[in-house]
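Before any comments, here is the structure.
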2 protein chains.
Amino acid sequence: MQPTAQISPAALSQKLADSGLRNTPQREVVYSVLVGKRDHPTADEVFARVKSEMPTISLATVYNCLEALVQCNLVRQVNFERGPTRYCPNLHPHAHFHDEATGATYDIDLPPALLEQLRSQLPSGYRASDVEITFRGQATA
Amino acid sequence: MQPTAQISPAALSQKLADSGLRNTPQREVVYSVLVGKRDHPTADEVFARVKSEMPTISLATVYNCLEALVQCNLVRQVNFERGPTRYCPNLHPHAHFHDEATGATYDIDLPPALLEQLRSQLPSGYRASDVEITFRGQATA
DNA sequence: CCTTTGTTTAGAATTATTCTAATTCTTACT
DNA sequence: AGTAAGAATTAGAATAATTCTAAACAAAGG
Ligand SMILES: [Mn+2]
Ligand SMILES: [Mn+2]
Ligand SMILES: [Zn+2]
Ligand SMILES: [Zn+2]
């Protein structure tokens with residue numbers, strides 16, 4: 001759960017450019033907030049964290065920035081039931097564990113072979129671009 | 001994808017009673033609509049189908065009935081991203097395939113051994129009461 | 001019957017998110 | 001530099017799914 005390799009501002013700009021998007025101070029700070037505390041915050045939580053660094057930013061902009069980061073594949077959206085969307089900058093394929101008691105979310109690494117095994121369960125004709133795995137329960141650690 | 005074994009009204013009543021709930025005509029028709037067409041309908045879709053049999057039912061009641069059926073474990077809720085909750089009367093452990101193009105949802109059976117393998121990936125201290133697996137992609141069948 | 005408790009219902013409220021339209025910023029040309 | 005065009009930001013309104021509220025209705029038990 002240690003902070004992931006932060007990509008450089010230049011790399012961020014490049015990734016955005018690859019999707020036809022510009023870099024902006026808002027996008028940089030939203031991204032840095034996400035990598036700074038990888039606890040799968042909601043847009044509201046990101047907003048609160050970003051405001052302390054950039055008090056004039058608006059919630060709409062936070063939503064826009066998050067959308068931009070998702071679009072250029074620097075951030076993943078994570079959903080539990082109908083709760084607010086959460087944001088995850090961990091790009092390695094991984095599953096999520098949602099602790100029902102505390103609401104905390106943990107990344108769970110999965111061996112690629114297991115993911116392949118899962119995919120292989122699909123009947124022919126089903127082409128999956130993505131597999132999403134969520135554990136729900138209680139973490140006593 | 002054939003209609004699953006319909007449980008009898010008596011069994012439905014029993015299941016409801018087990019959770020301290022009564023059976024009602026509304027709950028029976030909501031349940032029968034779900035088993036009648038197992039395409040993972042939303043509450044709105046259930047509402048539309050139920051209305052043709054019971055035109056006076058309200059949307060609030062459909063939500064209440066669905067909640068009751070979920071509570072007594074006759075129906076599962078299924079969510080894709082932030083879309084409206086869908087309802088599934090297939091009680092066997094299974095995954096879902098969500099066709100991005102058509103919006104259709106298919107049940108995918110999984111060998112219990114594979115589910116066990118997934119669970120075994122959890123670090124000690126993580127007790128999962130539930131695993132949820134969703135494929136996203138395109139079904140050409 | 002009468003009471004209690006559960007259920008249904010219509011409509012209001014809530015919540016997360018998206019949309020709108022005005023302003024500001026960047027970029028690229030002249 | 002000066003200007004036009006396109007992008008991004010912003011505040012606030014709108015939307016959509018769901019839940020809540022409070023009143024009416026129904027069933028069950030004494
Ligand atoms: Mn939760
Ligand atoms: Mn879809
Ligand atoms: Zn994650
Ligand atoms: Zn299903």
Side-chain angles (χ1 to χ4, degrees), chain A residues 9-10 12-31 33 40-48 50-51 53-72 74-87 103 105, chain B residues 9-10 12-31 33 40-48 50-51 53-72 74-87 103 105:
Chain A
L12 172 57
S13 290
Q14 188 50 57
K15 274 286 203 177
L16 285 163
D18 290 348
S19 298
L21 299 164
R22 293 181 186 166
N23 193 8
T24 67
Q26 288 87 348
R27 286 171 182 173
E28 275 190 21
V29 62
V30 165
Y31 181 67
V33 152
H40 304 84
T42 63
D44 265 335
E45 289 164 346
V46 172
F47 182 44
V50 166
K51 260 197 302 199
E53 266 186 82
M54 186 183 269
T56 60
I57 199 173
S58 75
L59 177 57
T61 297
V62 169
Y63 272 104
N64 290 342
C65 291
L66 290 169
E67 187 190 9
L69 294 170
V70 167
Q71 201 137 356
C72 70
L74 283 171
V75 169
R76 276 179 56 186
Q77 294 184 305
V78 178
N79 292 101
F80 301 121
E81 342 247 82
R82 290 265 319 161
T85 297
R86 299 173 169 279
Y87 295 87
T105 299
Chain B
L12 171 57
S13 291
Q14 187 53 56
K15 274 285 202 179
L16 285 163
D18 290 349
S19 298
L21 299 164
R22 293 181 188 165
N23 194 6
T24 67
Q26 287 88 347
R27 286 170 182 174
E28 275 190 20
V29 64
V30 165
Y31 182 67
V33 152
H40 304 84
T42 64
D44 264 336
E45 288 164 347
V46 172
F47 182 44
V50 165
K51 261 198 300 199
E53 268 186 80
M54 186 183 270
T56 61
I57 200 172
S58 75
L59 177 58
T61 297
V62 169
Y63 273 104
N64 290 342
C65 292
L66 290 169
E67 188 190 6
L69 294 170
V70 167
Q71 201 138 355
C72 71
L74 283 170
V75 168
R76 275 179 56 185
Q77 293 184 303
V78 178
N79 291 100
F80 300 121
E81 342 247 82
R82 291 264 318 161
T85 297
R86 298 173 170 279
Y87 295 87
T105 300

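Chain A is the first sequence line, chain B the second, and so forth, proteins listed ahead of strands; every chain is numbered from 1.
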inquiry  = Nearest 0.5 angstrom please: A/T61 OG1 to A/R27 CZ, how far?
reply    =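 The CZ atom of A/R27 is 9.5 Å from OG1 of A/T61, to the nearest 0.5 Å.
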
Taking [atom1] from [X] and [atom2] from [N], how many angstroms apart are they, rounded to a whole number?
X: B/E28; N: D/dA27; atom1: CD; atom2: P; result: 12 Å
X: B/N64; N: D/dC20; atom1: CG; atom2: C1'; result: 10 Å
X: A/L16; N: D/dA7; atom1: CG; atom2: P; result: 14 Å
X: A/E81; N: D/dT19; atom1: CD; atom2: P; result: 11 Å
X: A/M54; N: C/dT24; atom1: CE; atom2: P; result: 17 Å
X: B/E67; N: C/dT8; atom1: CD; atom2: P; result: 11 Å
X: B/R22; N: C/dG6; atom1: CZ; atom2: C1'; result: 4 Å
X: B/Y63; N: C/dG11; atom1: OH; atom2: P; result: 17 Å

Per [X] side chain, nearest of listed nucleotides [options]:
X: A/S58; options: D/dT10, C/dT26, C/dT17; value: D/dT10
X: A/A60; options: C/dC19, C/dT17, C/dA10; value: C/dC19
X: B/P84; options: C/dT18, D/dA8, D/dT18; value: D/dT18

Report yes if some heavy atom in the side chain of [X] is under 4.5 Å from a heavy atom in the side chain of [Y]; otherwise report no.
X: A/H40; Y: A/Y87; result: no
X: B/N79; Y: A/N79; result: no
X: B/R22; Y: B/L16; result: no
X: A/L21; Y: A/K15; result: no
X: B/E28; Y: B/L12; result: yes
X: A/R86; Y: A/E45; result: yes
X: A/E67; Y: A/V70; result: no

Sorted by position of nearest nucleotide on DNA chain D, 5' first, the leading residue of B/T42 and B/P25 is B/T42

Side-chain N or O of [X] versus OP1/OP2 of [N]: is the shortest distance under 4.0 Å?
X: B/R82; N: C/dA16; answer: no
X: A/T61; N: D/dT10; answer: yes
X: A/Q26; N: C/dC25; answer: no
X: B/T24; N: D/dA26; answer: no

On DNA chain C, more 5' by nearest nucleotide between B/L59 and B/R27 is B/R27

message = Students often get this wrong, so: under 4.0 angstrom with heavy atoms, is A/T85 touching a base, only sugar-phosphate, or nothing?
response = sugar-phosphate

Note to self: Under 4.0 Å, counting only non-hydrogen atoms across every strand here, what does A/T56 touch: a base, just sugar-phosphate, or nothing?
What the structure shows: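 Here A/T56 touches the backbone only, sparing every base.
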
Double-helix bend of the helix from C/dC1-D/dG30 to C/dT30-D/dA1, axes at both ends from 5 pairs, round to 10°, gives 20°

